[in-house]
Amino acid sequence: MLKKYLLRIFLAGWLLFLALAPLLLEYWETSNKRFLLLKELDDSDWRVQKKASQTLLSLRDPSLIEALRTQYERKETRTIGSVILLGKLGDFTPGADLLKWLQNDEFFMQHPQKGAEIIEALISWHSLGFSTEEDVQKILPCLMKSLHHPAKEVRASAIQALRWFEVKSSIPALMVASADPSLEVRFQAIRSLRFLKASGPAVLSIYNQRFQEKEDSLRLEIIQALGESQEVLPESIPILCQFLSEKNHWIGFSATWILLKMGVPRETILKELIPALRRRVQNHVPLEIWQEIPLQCSASQAEELLCRYLKHPSLVIRQASVRSLRWLGKEARFATSSLLKSLQDSHWFVRWESAWALGYIQEVSTIPALTQTLEHDPHKSPRENAVWALANIGQTPEILAKIEQALIDPDPEVRMIAACACVRAHHQWKKNIPLVIDALNHEQYYIRDFAILALEDLPSYSSEVRSSLRNVLLFDELEMQRWRAFHLLKKIKSREKKF
C-alpha cells in the first residue's frame, strides 16, 4: 500500500516537472542570456557593447532595471555600460554619473562611441522628467561643444539631444550642421530643424539646397519639414513636382500633400501626375502598355485617364492610378464613383488603396460601400482602411455604430483600429482602452500611430495608459512615435498640475 502511495507521488511529481520544464528552461535561458549580455556591455569591442545594449533594451524585462540598479549601487561592480543602459531604460539613478562623463572631454575623445551612448542615455533620462533646470544648464554647453567633435556618432547624438531638450537657440548651429560631411549628421540636423519648427528664408534655402540628396530618408525628412513649416520658396515648387515620379511612394505622397497645402492649383498637380505615373511604371509593365501613357496631358485629360486606369487589365497600372488618386486627398472627388467600383477590384491592394483614398475624400455618400468592405472583404487590409475611412468621414452615431461592429472582427489589427477610432471619438472609450494599449506595442508602425492619435485628448488618463506611453517613449523604434509620446506625457503632467 505504501509503495503504491509513493509511486503515485513520484508519478505526480514527474508529471508536474514535465509540465513546468519548458517554463523553467525558458527562465534559465533568459537569465543566462541576460547575464551574458550584461557582461558584453563592457566588452572591448564597442560594436559588441552596442549590440548587447540594443538586445537588452528589446527584452523589456522589468527585472532588468533592478539587476542593473543593484550592480550600480555596488561601486566595485558598477560599469559604464550598465550605467548607460540604466539611463536608457529611464531609471533616475545614474543621472549624476552620466553628467560627469558628459563633462569629461578627455573621455569623449578617447571613447566617442560610448560618448554618443551617454548622450542617448541622457535623452531618455531627461525626457522622463528626471533632469532639473540646473542639470540642463550644465548639459547644454556640452552638447553645443559636441557639435564640433571629430566623431560623427557624437555629433549626430548631440544634434538629436538638442531637439529633445528643445533648444531653439541651437537653430543657427543646426543650419550649419545640415551641410556636415556625414549623412547621419545631416539627417539629424534636418530632423532637428523640423522638430524645433525652424522657419524663415534662410532655413527654406537650406531645404532647397539639400533637395539633391540621394538618400530617400533625408529627402523625405526635408519634404515633411517643408510641409510642417507651412512655407515654401517659389523655386521649390518645380522640384516638388519632380518628386511625384519617385519610386518611394511616401516621397510622392508627401510632395503632393505639400503642393496642395501651399495652394498650388490642382490643375498644375494633375498635369504632372500622368507623366509621373509613366515614369514610375516604366520598368514594371510591357513596352506597349507603357507607350500608351502620354508624356503630357491637360488637367481634364489627367482626370479621365486616372479614372480609366482604375479598370486597366494591368495590376501595376491600377495600383499606380489608385495611389495617385489617394495622394490628391480631397481633390480626388472627381474619381469618387470610380474608386467605389475599385472597392470590388480582384486584388486586395487596389481595394485597400481605394478605401484609403475615399477616407481622404470624406464623402458621406461612400459610407454604404465602405461598410460593405468592412463587413465582407476577405482580406484584412481593405477592412482596416475601411474602418479608418469611416472614422475620417465623421463621428456621427451612425458611423460609430458601424465602427463598433468591427470590434468583433476576426482580425486583431482591424479590432485595434476600430478601438482607436472609438477612443478618439470618446465613444465608449474606457471600454476600448485595453485594445488601444495593445495597439501601442504592435509591430506595425501605422497601428501604433493610430493608438497615439487616439490617446491625444482623453478626459482622463489611467496609470496604465501613462505607463504604456512611457514604454513608447523608451522603446519604440520610430522617433516620431517617441516624440509624440513625450509631448503627450508633458501635456498630461501639465494638466494634472492645474488641478
Side-chain angles (χ1 to χ4, degrees), residues 178 186-187 190 193-194 199-285 290-310 316-335 339 353 356-357 360-361:
S178 68
R186 295 198 303 276
F187 175 85
I190 295 294
L193 289 170
R194 174 191 168 195
S199 60
V203 174
L204 295 176
S205 178
I206 283 172
Y207 292 156
N208 266 15
Q209 292 166 22
R210 301 260 66 89
F211 268 143
Q212 304 308 315
E213 292 279 357
K214 293 181 180 178
E215 180 62 37
D216 279 359
S217 60
L218 183 47
R219 284 187 297 164
L220 182 58
E221 196 67 32
I222 294 165
I223 294 169
Q224 290 175 332
L226 267 176
E228 290 171 17
S229 71
Q230 299 190 354
E231 297 176 296
V232 66
L233 295 175
E235 55 266 35
S236 301
I237 292 173
I239 303 171
L240 289 167
C241 287
Q242 289 175 18
F243 286 149
L244 302 183
S245 59
E246 286 284 334
K247 290 180 181 178
N248 184 323
H249 78 276
W250 286 114
I251 290 179
F253 172 66
S254 298
T256 310
W257 168 63
I258 291 166
L259 288 166
L260 289 167
K261 191 175 179 182
M262 295 300 123
V264 175
R266 63 187 291 276
E267 289 77 16
T268 302
I269 299 169
L270 276 165
K271 284 191 288 187
E272 294 289 341
L273 281 177
I274 295 301
L277 184 149
R278 191 178 195 268
R279 290 191 290 270
R280 289 205 313 273
V281 304
Q282 182 174 0
N283 299 320
H284 304 286
V285 295
W290 178 71
Q291 288 176 332
E292 290 173 6
I293 305 170
L295 282 165
Q296 56 185 14
C297 61
S298 66
S300 58
Q301 287 172 326
E303 290 183 357
E304 189 272 325
L305 285 170
L306 286 170
C307 291
R308 194 205 309 166
Y309 289 159
L310 286 177
V316 173
I317 298 293
R318 298 202 308 277
Q319 287 176 334
S321 178
V322 72
R323 179 163 276 173
S324 297
L325 288 166
R326 191 249 297 171
W327 291 356
L328 284 169
K330 286 187 177 182
E331 297 300 330
R333 289 192 201 92
F334 65 87
L339 287 165
E353 283 275 9
W356 199 349
Y360 281 126
I361 292 170

Asker: On a heavy-atom basis, which atom in Phe211 and which in Leu240 lie closest, and how many Å separate them?
Answerer: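 What the structure gives for the nearest pair is CZ-CD2, 4.1 Å.
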Asker: Are a donor atom and an acceptor atom from the side chains of Glu303 and Ser300 found within less than 3.5 Å of each other?
Answerer: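 No - no donor-acceptor pair under 3.5 Å links their side chains.
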Asker: Evaluate the side-chain proximity of Leu305 to Ile293: yes if any heavy-atom separation is below 4.5 Å, no if none is.
Answerer: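 In short, these two side chains do not touch, never coming nearer than 4.5 Å.
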Asker: Hey, are the side chains of Arg318 and Tyr309 touching, using non-hydrogen atoms and a 4.5 Å cut-off?
Answerer: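 The answer is no; the side chains never approach within 4.5 Å.
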Asker: Cys307 versus Phe334: any side-chain heavy-atom pair under 4.5 Å?
Answerer: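 When only atoms from C-beta onward are counted, Phe334 and Cys307 do touch, with a gap below 4.5 Å.
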Asker: Going by heavy atoms in the side chains, are Phe187 and Ser217 under 4.5 Å from each other?
Answerer: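 Yes. Closest side-chain heavy atoms under 4.5 Å.
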Asker: Show, in sequence, the C-alpha distance, side-chain angles and deciding distance for Arg308 and Ser321, and conclude whether the side chain to side chain donor-acceptor pair (under 3.5 Å) test is met.
Answerer: CA-CA 9 Å; Arg308 194 205 309 166; Ser321 178; over 6 Å; no
Asker: Near Glu267 CD, under 6.0 Å, is it more than 12 heavy atoms from other residues, nucleotides or ligands?
Answerer: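 Result for CD/Glu267: enclosed.
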Asker: Salt bridge check: are Glu246 and Arg219 linked by an N-O gap of less than 4.0 Å?
Answerer: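 So Glu246 pairs with Arg219 through a salt bridge.
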Asker: Which value, rounded to the nearest 0.5 Å, describes the distance between Cys241 atom SG and Leu259 atom CG?
Answerer: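 Separation between the atoms: 5.0 Å.
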Asker: Check the pair Leu277 / Leu244 against side-chain contact (heavy atoms from CB on, under 4.5 Å), numbers first and verdict last.
Answerer: CA-CA 8 Å; Leu277 184 149; Leu244 302 183; over 6 Å; no
Asker: Test side-chain contact (heavy atoms from CB on, under 4.5 Å) on Arg266 and Leu328 and set out the steps.
Answerer: CA-CA 8 Å; Arg266 63 187 291 276; Leu328 284 169; 5.8 Å; no
Asker: Which heavy-atom pair separates Gly329 from Tyr360 by the least distance, and what is that distance?
Answerer: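 Smallest interatomic distance, heavy atoms only, reads CA-CB, 3.7 Å.
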Asker: Heavy atoms only: give me the nearest Ala332-Ile361 pair and the separation to one decimal.
Answerer: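 Shortest heavy-atom separation between Ala332 and Ile361 comes out as O-CD1, 3.5 Å.
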Asker: With a 4.5 Å heavy-atom cut-off, do Lys271 and Gln296 have their side chains touching?
Answerer: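 Counting from C-beta outward, Lys271 and Gln296 never come under 4.5 Å.
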Asker: Here's one to test your reading of the geometry: is the NZ or CZ of Arg326 within 45 degrees of the ring axis of Phe253 and under 6.0 Å from its centre?
Answerer: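 The answer is yes; both the distance and angle limits are met.
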